Amino acid sequence: MARVDLTVPFSEKEEAKQLGARWDSSSKVWFVPDGVDPHAFQRWLPSLPDVTVRANNYSVARTEDACWKCGDLTLMYSFLLPAGYQTFEQGEDYVDAWYTNEGTSMVSYVTDLLPSVAARIKAITRHYYLDFSKTTNSSYWMNHCEHCGMKQGDFAMHCEPGGAFFPMDEEALSSIKLQPVSEPFSCNGSTSFDSLIDDL
């Protein structure tokens, strides 16, 4: 299970320590180590956030793929989060909390994008923007063909093996170019777990 970070006031640090919390001096945060029941730390778990994915930095990912409608090659964009990015998990087996992830991840079905990230992607391309999807019956940030303007849904790119951001071999992986950004990232969205992506 991924690490559970806590928000422990300085005046309560000894109590958290006695319950089994550990201090991460590099991140300056208390956390619940593996093997310790996180339910004992309920009062220090972060409140429900406005976003479910966050990272200290990120990369804008770019590749080229054929538009499903007109067949022409068009640029496609996504976001790559580095190892250590966090996801807010809710579920029966987990305490609601931020979990730190060991691998890298692409992000799909993006909503509630941090304004500074939205401004950056808008400066890079005018073909990746918030739009409505009949398939999901919701709006999210999606790619659009540079030639015919057709929406390019995230499922084919992120969830189908061999999709633009789901490479199945080194050649496909090498076609994804990254623009690192040393600024925070946050959104609501889905993350993926692809061992090849770790090699980017």
Side-chain angles (χ1 to χ4, degrees), residues 1-61 77-124 128 130 136 138-141 154 158 165 178-195 197-198 200:
M1 186 171 71
R3 190 175 89 171
V4 180
D5 288 342
L6 304 170
T7 54
V8 180
F10 182 80
S11 61
E12 298 173 13
K13 68 181 181 67
E14 289 303 321
E15 186 179 352
K17 185 176 178 180
Q18 287 176 357
L19 288 170
R22 296 289 177 260
W23 176 249
D24 181 339
S25 58
S26 61
S27 298
K28 308 288 187 212
V29 67
W30 287 94
F31 67 96
V32 181
D34 272 348
V36 177
D37 183 2
H39 289 86
F41 303 90
Q42 194 71 39
R43 68 178 175 171
W44 296 306
L45 294 173
S47 58
L48 189 67
D50 295 330
V51 294
T52 56
V53 180
R54 67 185 185 189
N56 292 330
N57 54 76
Y58 66 99
S59 292
V60 175
Y77 293 87
S78 185
F79 301 103
L80 178 74
L81 304 184
Y85 77 93
Q86 295 185 313
T87 51
F88 193 83
E89 304 288 344
Q90 301 177 49
E92 295 176 12
D93 297 333
Y94 299 108
V95 174
D96 293 355
W98 285 103
Y99 291 85
T100 301
N101 297 274
E102 295 179 4
T104 60
S105 177
M106 289 289 183
V107 187
S108 57
Y109 298 106
V110 171
T111 64
D112 305 303
L113 190 58
L114 187 68
S116 61
V117 181
R120 182 169 296 276
I121 193 67
K122 285 179 181 178
I124 293 171
Y128 182 80
L130 194 63
T136 63
S138 64
S139 293
Y140 64 89
W141 286 75
D154 275 8
H158 291 272
F165 296 109
L178 300 178
Q179 179 181 330
V181 181
S182 298
E183 294 174 0
F185 178 95
S186 67
C187 74
N188 281 307
S190 297
T191 54
S192 57
F193 305 95
D194 178 355
S195 59
I197 292 294
D198 281 338
L200 276 174

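Note that the coordinates shown come from a computational prediction; the quantities given were computed from them, not determined experimentally.
Each of Thr87, Leu81, Val53, Thr191 was checked for a side-chain contact (heavy atoms from CB on, under 4.5 Å) with Asn101, and the lone residue meeting it is Thr87.
One distance of note links CD of Glu89 with OG1 of Thr52; it measures 8.5 Å at 0.5 Å rounding. Distance check: Thr104 OG1 to Leu80 CG gives 5.0 Å after rounding to the nearest 0.5 Å. From Phe41, atom CZ reaches atom OG1 of Thr7 across 12.5 Å, with rounding to the nearest 0.5 Å. A distance of 4.5 Å separates CZ in Arg43 from CD in Glu12, rounded to the nearest 0.5 Å. Separation of atoms CH2 (Trp30) and CG (Leu19) is listed at 11.0 Å; rounding is to 0.5 Å.
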Please walk me through it: do Lys122 and Tyr128 pass side-chain contact (heavy atoms from CB on, under 4.5 Å)? CA-CA 7 Å; Lys122 285 179 181 178; Tyr128 182 80; over 6 Å; no

Determine, stepwise, if the pair Phe79 / Ile121 fulfils side-chain contact (heavy atoms from CB on, under 4.5 Å). CA-CA 10 Å; Phe79 301 103; Ile121 193 67; 4.2 Å; yes

Val51 and Phe88: CA distance, side-chain angles, deciding distance, side-chain contact (heavy atoms from CB on, under 4.5 Å) verdict: CA-CA 8 Å; Val51 294; Phe88 193 83; over 6 Å; no

Begin with the C-alpha distance, continue with both residues' side-chain angles, and end with the deciding distance and a verdict on side-chain contact (heavy atoms from CB on, under 4.5 Å) for Trp98 and Arg54. CA-CA 9 Å; Trp98 285 103; Arg54 67 185 185 189; 3.3 Å; yes

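Checked against the 6.0 Å centroid criterion, the rings of Phe185 and Tyr58 qualify as a close aromatic pair.
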Less than 3.5 Å apart, which donor and acceptor atoms pair up between the side chains of residues 105-115 and the rest of the protein, not counting sequence neighbours?
residue, atom, partner, partner atom, Å
Ser105, OG, Ser192, N, 2.9
Ser105, OG, Ser192, O, 3.0
Tyr109, OH, Phe155, N, 3.2
Asp112, OD2, Asn188, ND2, 2.5

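For Asn57, the CG atom is densely surrounded, since the number of other residues' heavy atoms within 6.0 Å is greater than 12. Within a 6.0 Å radius of CD in Glu102, other residues, nucleotides and ligands contribute 12 heavy atoms or fewer.
Listed by chain and residue number, nothing satisfies the side chain to side chain donor-acceptor pair (under 3.5 Å) test with Ser190 (two or more places apart in sequence, or in another chain). With sequence neighbours excluded, no residue satisfies ring-ring contact (aromatic ring centres under 6.0 Å, His included) with Tyr85.
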